[in-house]
Structure formats: C-alpha cells, structure tokens
Asks: 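Let me begin by handing over the structure; questions about it come next.
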Amino acid sequence: MIPLKQNQSVQINANKSALLDGVRRIAPAWPLDQAIAVNPFWRMIDQPLPQLSAHLAWLSQAQCLMSKDYFRSRWQQQDVQEEQLLQAAREVAPDNPPGVEQLLAYLDEQSPNDHWHHFSQLLDKSRDLSHAMSWQDEIIHQISQFCASNAQQQDIKWQADSLYSTWLDNIAHDRGIAILMGAAGLPAILNALPEDADSLVTEALSEMTVPSEHMADYAHALLLNINGWASWTAWQDEQHAHSGLDLTWQLMAIRMAWELALWRYVKQRHASDFEALARQWTQQFKLMPRRIEQQLQAQKLGWIWQRALELNYQLQLANTLRPWVSEPMTPRPEMQAVFCIDVRSEPMRLALEQQDSRIQTLGFAGFFGLPIEIAPSSSDYRRAQLPGLLRPSLRLLQPVNAGKLSRIERISAWQHTTQSGAAAFGAVESAGLWYGVKLLKKTLFPGASKRAVEHLCDPQQWQLSKEGKVLSAADKAQLLAPVVKAMGFGGVFAKHILLVGHGSSSANNPHRATQDCGACGGQTGELNVRLLAQLLNDKTVRGELHKLEITIPEESLFIAALHNTTTENIELLDVNAASLTLVSHWLKGATDSRHRARAAALNVAEDQVGTELQKRSKDWSQTRPEWALANNASFIIAPRQRTQCRDLQGRSFLHDYHWREDKDFSLLELIMTAPMLVTQWINFQYYASVTDNLRYGSGNKVLHNVVGRHIGVFEGNGGDLRIGLPWQSLHNGEKLMHEPLRLSVYIAAPPSAILAIVRKHPMLKQLVDNQWLYIFALDECAEGLPRRLYQGRFE
C-alpha cells in the first residue's frame with residue numbers, strides 16, 4: 001500500500017468528519033417489542049423547524065407541513081379565525097406580515113417540487129419506467145432485503161466492521177440485478193469496489209467530485225433515501241456506543257457504493273450520456289443553497305397557517321383553564337390514585353374525581369421513578385422498564401423454577417412468535433391442536449378470557465440491585481424518597497393509594513408496544529407499580545423513609561393497579577378486590593363513565609360499549625383497537641386543582657407539581673429535562689406521521705409484514721423498513737384523529753425559574769428558540785392568560 005501524504009490524510013479525516021455530521025442527523029427508531037415514540041428530527045433540533053423543513057424538502061421531498069388543501073378545509077370549517085391568522089402572521093413574519101387575502105391566495109398557488117436527485121434518480125429520467133424497473137426502487141429493495149436478511153442471521157448482533165463488507169460479498173455474487181436492469185457490465189464494476197467502507201467513501205467523493213461544503217448534506221440525503229434502515233442502525237449504534245459501533249456509517253457507504261457503481265457503469269457503457277448526467281449532478285451542488293432558500297420562502301405562509309391552528313388550540317385551552325378557583329381539598333382523601341401522565345389518563349382521572357370529593361388523583365411519569373430492568377435469574381434475558389432516553393441503573397432479579405421460562409420470558413417469546421400471520425400458524429402447530437382450540441376461544445369469545453398479568457413474586461424472593469450490590473432497606477428508602485416527594489402527596493396519604501400503570505390490549509398488532517406505556521420502554525407499567533407498591537408497603541422501608549422525614553401512616557395501603565386503555569377497565573393487582581368495596585365501586589363507576597363517553601364514537605348503545613371494547617381488543621382483524629395518544633397537544637405541569645373539573649378532551653399530559661414545595665426548583669428541572677422531553681418525542685412522532693406518513697409513518701397496517709420478528713415492518717414484501725405510526729392509528733377512514741400541532745407546555749411556576757432552567761440546558765433552549773414547542777407560565781391570578789416564553793423572555 002502506498003502511504004498517504006500528510007495533507008491527503010488530513011483531507012480524508014476532514015471529509016469523514018463532515019460526512020459524520022450528516023450521518024448523525026438520523027434519529028434512532030426502537031424495535032417493535034420496545035417501541036417508543038421518537039421525534040424523527042431529534043438530532044436536528046439545533047435548527048429552526050421552518051429552516052429544517054425547507055432543507056428536508058430539498059434533500060428528500062419530506063413534508064413538515066400539512067397540505068394546502070388541509071389548511072383550506074380548516075378555514076372553511078371555521079377552525080381558524082381571521083384574528084388568529086393575523087396574529088400568526090405578525091409572529092412569523094413581523095417585518096412584513098401578509099394579510100388574509102394574501103394568505104388565502106397562497107392556498108391556490110402551486111408548491112415548488114424541485115428537489116435533490118441522486119445519480120441513480122437522474123439515470124431513471126432516461127428509462128421507460130412504465131416497462132422497466134427504476135434504479136431507485138431496485139437499489140432500495142436490494143439494500144433493504146440485505147439488511148433484513150443480515151439482521152436476522154446475526155440475531156441483531158451486527159459487527160461494526162462487517163456490514164459493508166458482507167454487503168459487498170453478497171452483491172458480488174448476485175447476477176439477478178444485472179439481468180433485471182439490463183446492465184450486463186454491472187457485476188464486474190460491483191466486484192471492483194473497494195473492500196472496506198472508508199476506502200469506498202474516499203473513492204466515491206473523489207470521482208464524483210462532491211464539494212467539501214456539501215458533504216454533510218450529501219451523507220444525510222443518502223441516508224434519507226433509506227431512512228427506515230438508517231433509523232434502525234442509528235438505534236443499534238446508540239445502544240452499543242461504548243463499543244464504537246458505526247453501522248449507520250457503513251449503511252451510508254453501501255448507499256454511496258451504489259451511486260459510485262452506477263457512475264462508473266454509465267461512464268464505461270454509455271459515455272455519450274455520461275457528460276450530460278455528470279453536469280446535472282454537479283450543478284445540483286451549486287444550486288443547493290438557492291433551492292433551499294426558495295423552499296423556505298415557499299413554505300413561509302404555510303407556517304403562518306400552522307401557527308394559526310396552534311393559536312386556536314392554545315386560546316381554547318387558556319379559556320378552559322381560567323378562572324382558577326382553588327377548591328379546598330379534603331384534609332385526608334379516602335382514596336388517592338397516581339396515574340401516568342399519558343393523555344389517556346386525563347379523562348379517566350376526571351371520571352374518578354367526579355364521583356366523590358374524597359377521591360384525589362395525581363399525575364406522575366409512568367415508570368414511577370424506578371429506573372429498572374427486569375432480569376429472570378435463569379437466563380440472559382433483559383427488559384428495560386423505563387423511558388428510552390434513560391438507562392436502567394437498577395436490576396430486578398426474579399428467581400424462576402429450574403428449566404422453566406419466567407412469565408416475562410414466555411410473554412415476550414409468544415409476542416415475537418405471533419407477530420406475523422405465518423409465524424402464528426407455526427406457533428399453533430408447535431403448541432398443539434388443543435392450544436389452537438383455546439386460541440380460537442379467546443379470539444371468538446373474548447368475554448370468556450382474561451388478560452394475563454405479569455406476576456411479581458413474593459418480595460422475599462426477588463432482589464433489587466445496583467451495580468451488582470443488593471439494595472438494603474436504607475438504600476431503597478433513598479431511592480423512594482424523591483419519588484414520593486415528586487408525586488405531590490404534600491405529606492398527606494390516604495387510606496388507599498392506587499399506583500395506576502397502564503397498558504393496551506390488542507391482537508395481531510405488531511405496533512402494540514406503541515399503545516402501551518412509552519415511559520416504560522414500550523411495555524405496560526404493571527411491573528413498575530407492583531414493585532413500587534411492594535416497596536412502599538414494606539414496614540422496614542417505611543421506617544427508613546421516616547428517618548428521611550417521610551412518614552406514611554400505618555393504615556395507608558399502596559395498591560398496584562393497571563388501566564387497560566383499550567377497554568377502560570382498571571384492575572387491582574395483588575389484593576383481594578372484593579374486600580375493597582368502596583374502591584372497587586369507584587373504579588367501576590369511572591369505567592362506566594368512560595364507556596358512556598365512547599359510545600357515540602363506536603356507534604353502539606351505552607350498555608354495549610364494554611362488550612364491544614372487549615371484542616375489539618381480541619379481534620385479529622381489528623385495525624383500530626384504540627387511538628392511543630392521538631390528538632395530544634399539551635403538557636400541563638401544575639397542581640391538580642389547576643385542571644380539576646375541566647374536560648381537557650384527552651389531549652393533555654398532566655404532571656402534578658407544586659412549586660412552593662420545590663425550594664431550589666430541582667424537581668421542576670427534572671420534569672423539564674425528562675418527562676417534558678418524552679412528551680415532545682410523542683408529540684412529534686404523531687406530528688411527522690401525519691404530515692408525511694410516506695417517510696415518517698408506516699403506511700397501511702393491513703399490508704404490514706414483520707421483519708425479523710421484532711425489527712420493524714415492511715409495507716408489502718419490500719421497500720424500506722417503515723418507522724412511525726400506521727395510518728390506521730391516525731385516521732378513522734373518514735377524518736384525521738390527530739391534529740398535528742406542536743406541543744404547548746404550561747408550567748405553574750415563577751417565570752424566572754422556568755427561564756433559568758431553559759437557559760441552563762442548551763437542549764431546552766433549542767426546543768424553544770427553534771420553534772419545536774411552546775412554553776407558557778401559568779400565573780396564579782384568576783383572570784390572567786398564560787404568558788409565553790418567546791425569544792428569551794415571557795410575554
């Protein structure tokens with residue numbers, strides 16, 4: 001090998017650094033069995049959203065705005081008022097705000113459709129695509145099938161240095177593509193590609209003359225072309241960051257290799273066409289800044305319409321929240337129920353509270369402050385039960401009978417086995433005919449079956465450890481003290497305290513984890529509430545908590561419960577429900593209330609809703625078992641009195657917070673840097689899945705085929721791996737069930753404290769300043785409107 005000169009080495013390193021900047025713009029996508037909501041633009045929040053929108057429109061035709069037809073229909077339905085439109089215009093274009101006539105005329109204008117073309121796409125312009133396969137489609141199909149096959153063979157343990165070389169070995173022996181595409185000389189060109197990813201990248205950049213100032217955008221464009229698998233490799237890289245895994249870099253090299261191969265193929269085989277194609281290719285780089293600016297200007301009025309719709313919601317919510325009449329709470333409630341902040345908890349909390357003034361509900365992050373992973377002691381199986389943004393610091397070790405799988409492992413194995421139709425038939429065949437009969441019974445007669453629960457064994461048998469050391473009672477108290485304080489009890493503990501996790505129930509649904517608890521890593525919150533209840537009922541642990549100035553009355557009983565968000569039932573766990581007559585009565589009353597509220601949408605009689613929901617949860621053909629977090633729009637961090645007795649329509653995440661009890665605002669900082677970020681991820685997964693389901697949603701779930709048991713889904717039998725939400729989770733067949741709005745965060749705390757936290761954390765400052773979410777301060781006065789944090793100050 002001829003040694004590189006020093007300046008060549010420096011240039012190569014500079015090129016790789018620029019390319020890596022583009023590679024790192026891809027946000028991770030979790031696998032199906034751990035699916036959590038992700039903002040697909042998360043790694044680009046350092047850019048203003050309108051600027052990024054224009055950039056993505058040029059690089060990949062991605063859409064961050066709804067169509068003009070959508071805005072027109074909302075105007076015609078009077079969902080946008082003239083005054084809101086004008087206010088939005090003053091905000092978005094303060095120097096020269098357009099009038100209503102200009103904004104309406106914009107809806108009839110043709111949007112620019114100019115965009116970046118890869119060399120393969122330029123080549124497709126000269127092909128008869130009505131009779132021949134496009135290079136673009138064939139490349140995506142080939143890479144996607146390779147990735148799916150390799151991921152399954154490697155059991156997801158891809159090696160950092162093998163993805164590109166394995167692909168190269170694979171493609172070198174594939175003669176079918178050359179035959180299909182009518183490219184006889186292609187195999188020899190593919191065989192001549194460099195053997196490692198870095199060398200391939202160096203040759204491609206040099207031959208195709210990619211300008212250094214555009215390398216990051218070029219790398220990003222290549223990965224956006226196969227964004228599903230890029231998101232998957234980004235997750236793998238993140239999970240194995242300590243090992244230096246760089247699968248996304250390798251994937252970019254594979255996509256770039258196809259470009260270089262076609263470049264060389266056309267140059268050798270179609271020299272007469274090559275010069276014109278090469279000129280078009282290089283001209284795009286020169287035009288890139290101008291084209292992005294044109295996209296930005298073309299979308300500017302669209303962002304005014306988007307802002308007007310957000311103003312419409314914010315003004316309605318502000319009117320709902322005022323005036324604030326603080327009703328005195330019962331000195332000691334008969335029952336307290338702590339729910340996850342999930343938007344589906346809000347209507348259930350309202351239904352509970354409306355029955356009796358002795359009921360108090362609270363909102364807290366769904367993993368209940370327990371950063372745990374579950375580990376049956378008989379195997380290497382691990383499952384995290386906390387938000388994807390966090391890493392487990394505690395391990396819950398559960399003993400199981402020798403030679404037998406734990407309940408958790410059996411559930412996980414069954415879910416993996418039955419994620420696809422073919423696999424489900426194989427599972428029934430393996431389990432035997434009698435199991436097939438039981439399966440049909442559960443499917444055809446859902447009322448006869450009961451949801452299986454993940455039992456937590458006796459606390460004397462399980463172990464909770466940190467870094468290999470079993471936690472003592474004092475350690476557990478240190479863990480629990482901030483959790484109990486953050487829940488907002490204010491030192492008042494009821495006789496019965498429900499810790500209510502939540503989960504969904506559906507059949508034949510690869511995306512079921514997206515309907516469970518995002519704060520629990522796409523699992524139900526069941527194990528978290530069971531564990532927390534057992535810990536807080538432990539007399540020894542309570543004694544240690546007393547030393548930390550947290551005194552729980554002896555008669556107070558913590559009860560684990562699970563809210564089934566599909567059926568609206570709340571199940572009490574680990575207790576004899578029959579002995580809790582009043583609690584059970586209240587829970588049934590809340591369920592009945594929710595059933596009545598959902599009757600109209602289901603088009604069934606009120607007394608039939610429970611039966612209908614049970615059927616939906618067990619029906620293998622049901623594409624819309626529930627709407628999960630659809631239509632989420634706000635996050636309210638405030639005492640429950642601020643939102644009590646107000647119908648927030650299941651659109652608000654609710655987290656209890658009392659700023660006067662948070663002397664140094666450390667709890668507020670924790671809420672704003674953890675739960676608030678989770679809600680933003682949820683909000684933007686829904687947002688992007690609606691505005692551009694083709695690129696950031698997973699399409700029609702009827703056509704889904706599961707890849708590798710739990711990696712993701714194809715829509716049909718190929719194409720890119722799909723990420724985001726299926727269309728049936730967003731649309732009921734007649735109308736959208738999710739209105740794409742940026743998250744509005746309302747915080748009942750002094751504006752100075754909120755501002756100090758935002759300024760302390762660059763990530764929060766980027767989210768606010770770059771228009772990814774809104775933050776409002778809720779004043780304690782009765783009539784005042786919330787004040788918005790805008791350009792570094794509250795107004």
Side-chain angles (χ1 to χ4, degrees), residues 1-2 12 15-16 19 116-129 131-150 161-211 215 218-219 221-223 225-226 229-230 249-285 718 720:
M1 179 179 289
I2 301 174
I12 289 172
N15 290 347
K16 185 165 186 177
L19 290 167
W116 171 264
H117 285 77
H118 293 290
F119 188 76
S120 53
Q121 292 171 312
L122 292 175
L123 194 55
D124 279 338
K125 288 186 174 183
S126 61
R127 291 175 68 83
D128 180 8
L129 298 182
H131 296 90
M133 178 77 109
S134 77
W135 280 108
Q136 166 72 6
D137 290 345
E138 178 57 27
I139 289 169
I140 298 307
H141 182 78
Q142 188 277 323
I143 294 176
S144 188
Q145 295 294 313
F146 162 76
C147 286
S149 175
N150 193 64
D161 59 351
S162 70
L163 188 64
Y164 170 81
S165 59
T166 304
W167 170 81
L168 188 61
D169 181 65
N170 178 284
I171 201 70
H173 294 89
D174 190 339
R175 296 294 184 269
I177 295 176
I179 297 171
L180 176 67
M181 303 303 291
L186 187 62
I189 291 173
L190 289 168
N191 274 313
L193 290 173
E195 295 182 357
D196 64 275
D198 286 6
S199 298
L200 177 282
V201 169
T202 299
E203 286 191 18
L205 295 178
S206 176
E207 283 190 42
M208 301 181 73
T209 59
V210 178
M215 284 183 182
Y218 181 50
L222 287 169
L223 290 172
N225 202 228
I226 190 161
W229 282 108
W249 169 264
Q250 301 266 325
L251 184 65
M252 181 211 67
I254 291 171
R255 183 64 188 87
M256 191 182 290
W258 266 113
E259 293 293 287
L260 178 60
L262 290 180
W263 178 278
R264 290 174 173 176
Y265 169 75
V266 176
K267 190 173 184 179
Q268 291 178 18
R269 295 282 177 146
H270 302 279
S272 59
D273 299 328
F274 176 74
E275 186 175 342
L277 285 170
R279 187 164 50 248
Q280 292 178 56
W281 162 255
T282 55
Q283 184 70 6
Q284 289 186 116
F285 288 112
D720 193 9

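These numbers come from a predicted model, not from an experiment.
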Asks: Starting at CH2 of W135, measure out to OG of S126 and round the result to the nearest 0.5 Å.
Replies: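 W135 CH2 to S126 OG: 11.0 Å, rounded to 0.5 Å.
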Asks: Using a 3.5 Å distance criterion without hydrogens, assess whether the side chain of T166 forms a donor-acceptor pair with backbone atoms of S162.
Replies: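 Yes, because the side chain of T166 sits within donor-acceptor range (under 3.5 Å) of the backbone of S162.
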Asks: Is there a side-chain contact between V266 and F119 (heavy atoms, below 4.5 Å)?
Replies: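 With C-beta onward as the side chain, the pair touches.
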Asks: Distance alone, cut at 3.5 Å: any donor-acceptor contact between the side chains of W258 and Q142?
Replies: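 Indeed, the side chains of W258 and Q142 share at least one donor-acceptor pair under 3.5 Å.
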Asks: Would you say D124's side chain and S134's backbone share a donor-acceptor pair under 3.5 angstrom?
Replies: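 Answer holds: no.
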Asks: Does a side-chain heavy-atom distance below 4.5 Å link E207 with L260?
Replies: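 SC-SC contact between E207 and L260 confirmed.
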Asks: Mind checking the CG-CE spacing from L200 to M256? Nearest 0.5 Å is all I need.
Replies: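 Answer for the CG-CE pair, L200 versus M256, is 7.5 Å.
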Asks: Salt bridge check, R264 against E259: does any charged N sit closer than 4.0 Å to a carboxylate O?
Replies: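 The answer is no: the pair does not qualify as a salt bridge.
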Asks: Quick one: are L168 and Y164 in side-chain contact, heavy atoms under 4.5 Å?
Replies: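 Side chain of L168 against side chain of Y164, heavy atoms only: contact under 4.5 Å found.
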Asks: Would you say that I139 contacts L262 through its side chain, given a criterion of any heavy-atom pair below 4.5 Å between the two side chains?
Replies: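 With C-beta onward as the side chain, the pair touches.
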Asks: Return the minimal non-hydrogen interatomic distance between R255 and S120, and the atom names on each side.
Replies: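 Heavy-atom minimum between the residues: NH2-OG, 3.2 Å.
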Asks: Please tell me whether W229 and F146 form a close aromatic pair, meaning their ring centres lie under 6.0 Å apart.
Replies: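 Ring centroids of W229 and F146 are no less than 6.0 Å from each other.
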Asks: Could you pull out the closest heavy-atom pair between G185 and R269, with the gap in Å?
Replies: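 Taking every non-hydrogen atom into account, CA-NH2, 3.3 Å.
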Asks: Report the residues that fulfil ring-ring contact (aromatic ring centres under 6.0 Å, His included) with H141, sequence neighbours left out, ordered by chain and then residue number.
Replies: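 Applying ring-ring contact (aromatic ring centres under 6.0 Å, His included) to H141 gives none.
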Asks: Does a side-chain heavy-atom distance below 4.5 Å link V201 with N15?
Replies: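 No, too far: nothing below the 4.5 Å cut-off.
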Asks: With sequence neighbours left out, which residue pairs that include part of residues 165-179 fulfil the salt bridge (charged side-chain N to carboxylate O under 4.0 Å, His left out) condition?
Replies: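 For residues 165-179: none.
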Asks: Hey, are W249 and D198 close enough side-chain-wise for a donor-acceptor pair under 3.5 Å?
Replies: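 Their side chains do contain a donor-acceptor pair, which is all the 3.5 Å distance test asks for.
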Asks: Would you tabulate the side-chain donor-acceptor contacts of residues 274-282 under 3.5 Å, counting partners in other chains and residues two or more places apart, or write 'none'?
Replies:
from : atom 1 : to   : atom 2 : distance (Å)
W281 : NE1    : M208 : O      : 3.0
T282 : OG1    : A278 : O      : 3.2
T282 : OG1    : R279 : O      : 3.2

Asks: Given the rule in the side chain to side chain contact (heavy atoms under 4.5 Å, CB included) test, do L123 and Q136 qualify, once you have shown the distances and angles that lead to the verdict?
Replies: CA-CA 9 Å; L123 194 55; Q136 166 72 6; over 6 Å; no
Asks: Between M215 and L205, does the side chain to side chain contact (heavy atoms under 4.5 Å, CB included) criterion hold? Intermediate values first, please.
Replies: CA-CA 9 Å; M215 284 183 182; L205 295 178; 3.9 Å; yes
Asks: If I take atom CG from residue D720 and atom SG from residue C147, how far apart are they, to the nearest 0.5 angstrom?
Replies: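 Result: 9.0 Å between the selected atoms.
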Asks: How far does CD1 of I143 sit from CG of N150, to the nearest 0.5 angstrom?
Replies: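 So the gap between those two atoms works out to 13.0 Å.
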Asks: Measuring only between side-chain heavy atoms, which start at C-beta, is I171 closer than 4.5 Å to I177?
Replies: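 Yes, close enough: below the 4.5 Å cut-off.
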Asks: For H270 and Y265, indicate whether the former's side chain and the latter's backbone hold a donor-acceptor pair under 3.5 Å.
Replies: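 No; judged by distance alone, with no hydrogens or angles, the pair does not exist.
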Asks: Nearest 0.5 Å please: distance from the CD1 atom of I226 over to the CG atom of L251.
Replies: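 Here the interatomic distance stands at 5.5 Å.
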Asks: Calculate, to the nearest 0.5 Å, the distance between atoms CG and CD1 belonging to L222 and I254 respectively.
Replies: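 L222 CG to I254 CD1: 12.0 Å, rounded to 0.5 Å.
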Asks: Tell me the closest heavy-atom pair linking G718 and Q145, and the distance in Å.
Replies: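 Looks like CA-NE2, 3.7 Å.
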Asks: Just by distance, do the side chain of Q284 and the backbone of H117 share a donor-acceptor pair under 3.5 Å?
Replies: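 Yes, the answer is positive, given that a donor and an acceptor are paired below the 3.5 Å cut-off.
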